[in-house]
Amino acid sequence: MIVTLALGLGLYGSVFILPLFLTQIQGYDATKIGLTIMWAGLPQLAITPFIPFLMKKFDLRFLTAVGLALFAISCFMNSTLTENTGTVQLIPSQVVRAMGQPLILTPLSSIATAGIAAKQVGSASALFNMARNLGGSTGIAALSTLLSRREQLHSNRLGEAISLYNPLARQRIEQLTQSFASRGSFPGQAHDQAIAAIDLAVRKQATIMAYNDCFYFMGWALILSAVLVLFFRQAKPKGGPVGH
């Protein structure tokens, strides 16, 4: 159940955080976001048909742990976002996620229903799916809170380094003031616009750092789950359907 909660956090959390980043930082529309997210789905079409074969050849715990580890690696790859990160930079991490995700769902379902009477498998699968959805809903709430808190923290820390006592800060303010003045702003107005531009830049960088923290949090949750899977009892794949 703990692993399934972490899986829900990764599945729903990444789908929540990444489009939000692309919208807020890059200004992507729905089409561009879809073209980015699709790289987490398309490779699965080629990998999924081989999952039953892999389940017969390898220990289900090993497959699940590898899948969780790959999913975690994709989150860590996304924990270095910058203001220049776009679709091209995100494709590798999406492909890594697509390689790991099919190795988790079906094997973990088989492990969850192993040793359960046939007439109770349906109830067990329902509990499994409930845990995954619960992990997703609580995970999104946790990530929203983490994003807000970490943005405030990074904003305060970055703001501490920007003051009139800092020569680099004064130089930047003067450059921006001259830039706005050259566009027709009055001296006092240009100075205020320069301060506002620096404030906007600080908040943007703080927000990007907060997104990185969210991916880092998901990555560690998945890594710890991968370790926990190795302590499961060995289970063999069932011949019947399992929860998806």
Side-chain angles (χ1 to χ4, degrees), residues 1-18 37 39-81 90-116 124-125 127-143 146 211-238 242-244:
M1 294 294 284
I2 294 174
V3 173
T4 306
L5 288 171
L7 175 61
L9 167 66
L11 289 175
Y12 297 100
S14 57
V15 173
F16 164 70
I17 287 293
L18 190 55
I37 300 298
W39 288 100
L42 289 179
Q44 295 187 47
L45 297 177
I47 298 174
T48 301
F50 297 98
I51 297 301
F53 172 78
L54 294 175
M55 291 175 64
K56 294 178 182 178
K57 294 295 182 180
F58 297 98
D59 191 323
L60 298 182
R61 296 171 297 179
F62 173 75
L63 290 178
T64 305
V66 170
L68 288 168
L70 289 173
F71 201 165
I73 290 172
S74 73
C75 290
F76 288 134
M77 293 172 67
N78 285 339
S79 66
T80 57
L81 300 172
L90 290 170
I91 287 177
S93 63
Q94 296 296 93
V95 172
V96 171
R97 174 188 168 184
M99 293 171 58
Q101 195 167 306
L103 299 177
I104 306 172
L105 297 175
T106 304
L108 187 58
S109 298
S110 295
I111 294 173
T113 56
I116 296 177
S125 296
L127 288 173
F128 175 83
N129 293 329
M130 181 201 69
R132 186 179 61 195
N133 293 332
L134 181 62
S137 58
T138 57
I140 289 175
L143 288 172
L146 180 64
Y211 279 113
N212 289 334
D213 291 341
C214 288
F215 278 110
Y216 199 69
F217 171 72
M218 288 189 291
W220 274 112
L222 292 167
I223 281 291
L224 294 176
S225 298
V227 174
L228 186 61
V229 166
L230 299 178
F231 292 92
F232 288 175
R233 287 184 297 178
Q234 186 174 7
K236 294 183 179 180
K238 293 179 176 291
V242 295
H244 294 286

**Study point:** Residues in side-chain contact (heavy atoms from CB on, under 4.5 Å) contact with Ala98, at least two apart in sequence or another chain
**Key:** Pro43, Gln44
Point to revise | Separation between CG of Asn212 and SG of Cys75, rounded to the nearest 0.5 Å | key: 12.0 Å
Revision key, fill the gap. Heavy atoms of Ile51 and Pro107 approach each other most closely as CG2-CD, 4.4 Å
**Study point:** Expected output: side-chain Arg97 to main-chain Ala40 donor-acceptor under 3.5 Å
**Key:** no
Review point. Just by modelled atom types, is the Leu45 backbone N or O under 3.5 Å from a matching donor or acceptor in the Thr48 side chain?
Key: no
Check your understanding: For Ile37 and Leu18, what are the C-alpha separation, side-chain angles and deciding distance, and is it a side-chain contact (heavy atoms from CB on, under 4.5 Å)?
Key -> CA-CA 8 Å; Ile37 300 298; Leu18 190 55; 3.7 Å; yes
Check your understanding: Does CE in Met77 sit with more than 12 non-hydrogen atoms of other residues, nucleotides or ligands closer than 6.0 Å?
Key -> yes
Check your understanding: Nearest heavy-atom pair of Ser137 and Leu134: which atoms, and what distance?
Key -> OG-O, 3.0 Å
Study note, to complete from the structure: Shortest non-hydrogen pair, Ala221 vs Leu9, comes out as CB-CD2, 3.8 Å
Practice item. For atom CZ of Phe217, decide whether the heavy atoms of other residues, nucleotides or ligands shown that lie under 6.0 angstrom number more than 12. Key: no
Exercise for review: To the nearest 0.5 Å, tell me how far Tyr12 OH sits from Asn133 CG.
Suggested key: 4.0 Å
Check your understanding: If you measure only the distance, is there a donor-acceptor pair under 3.5 Å linking the side chains of Asn78 and Tyr211?
Key -> no
**Study point:** Interatomic distance, Ile47 atom CD1 to Phe50 atom CZ [nearest 0.5 angstrom]
**Key:** 9.5 Å
Study note, to complete from the structure: Minimal heavy-atom distance between Leu222 and Ala72, with the atoms involved, is CB-CB, 3.7 Å
Review point. Would a line drawn from the ring center of Phe76 to the ring center of Tyr216 be shorter than 6.0 Å?
Key: yes
Practice item. Determine whether more than 12 heavy atoms belonging to other residues, nucleotides or ligands lie under 6.0 Å from atom CG of Leu230. Key: yes
Practice item. Could you check Thr80 against Phe215 for side-chain contact (heavy atoms from CB on, under 4.5 Å), going step by step and ending with a plain yes or no? Key: CA-CA 9 Å; Thr80 57; Phe215 278 110; over 6 Å; no
Practice item. Would you check if the side chain of Ser110 reaches a backbone N or O of Thr106 as a donor-acceptor pair within less than 3.5 Å? Key: yes
Exercise for review: Would you give the length of the straight line joining atom CG of Leu68 to atom CD1 of Ile73, rounded to the nearest 0.5 angstrom?
Suggested key: 11.0 Å
Exercise for review: Give a yes or no answer on whether the side chain of Ser93 reaches the backbone of Leu90 with a donor-acceptor pair at less than 3.5 Å.
Suggested key: yes
Check your understanding: Which atom names give the shortest non-hydrogen contact between Phe128 and Leu105, and what distance separates them?
Key -> CZ-O, 4.4 Å
**Study point:** Between CD1 on residue Ile104 and CG on residue Leu70, distance to nearest 0.5 Å
**Key:** 8.0 Å
**Study point:** CD1-OG1 distance between Ile111 and Thr64, expressed to the nearest 0.5 angstrom
**Key:** 4.0 Å
Study note, to complete from the structure: What one should report as the nearest heavy-atom pair of Asp213 and Leu146 is O-CD2, 4.2 Å
Check your understanding: Going through the checks in order, is the side-chain contact (heavy atoms from CB on, under 4.5 Å) test met by Thr113 and Ser125?
Key -> CA-CA 7 Å; Thr113 56; Ser125 296; 3.9 Å; yes
Practice item. Tell me, please, which residues at least two apart from Phe62 pass side-chain contact (heavy atoms from CB on, under 4.5 Å). Key: Phe58, Asp59, Val66
Study note, to complete from the structure: Taken in chain and number order and not counting sequence neighbours, the residues that satisfy side-chain hydrogen bond (donor to acceptor under 3.5 Å, both in side chains) with Gln94 are none
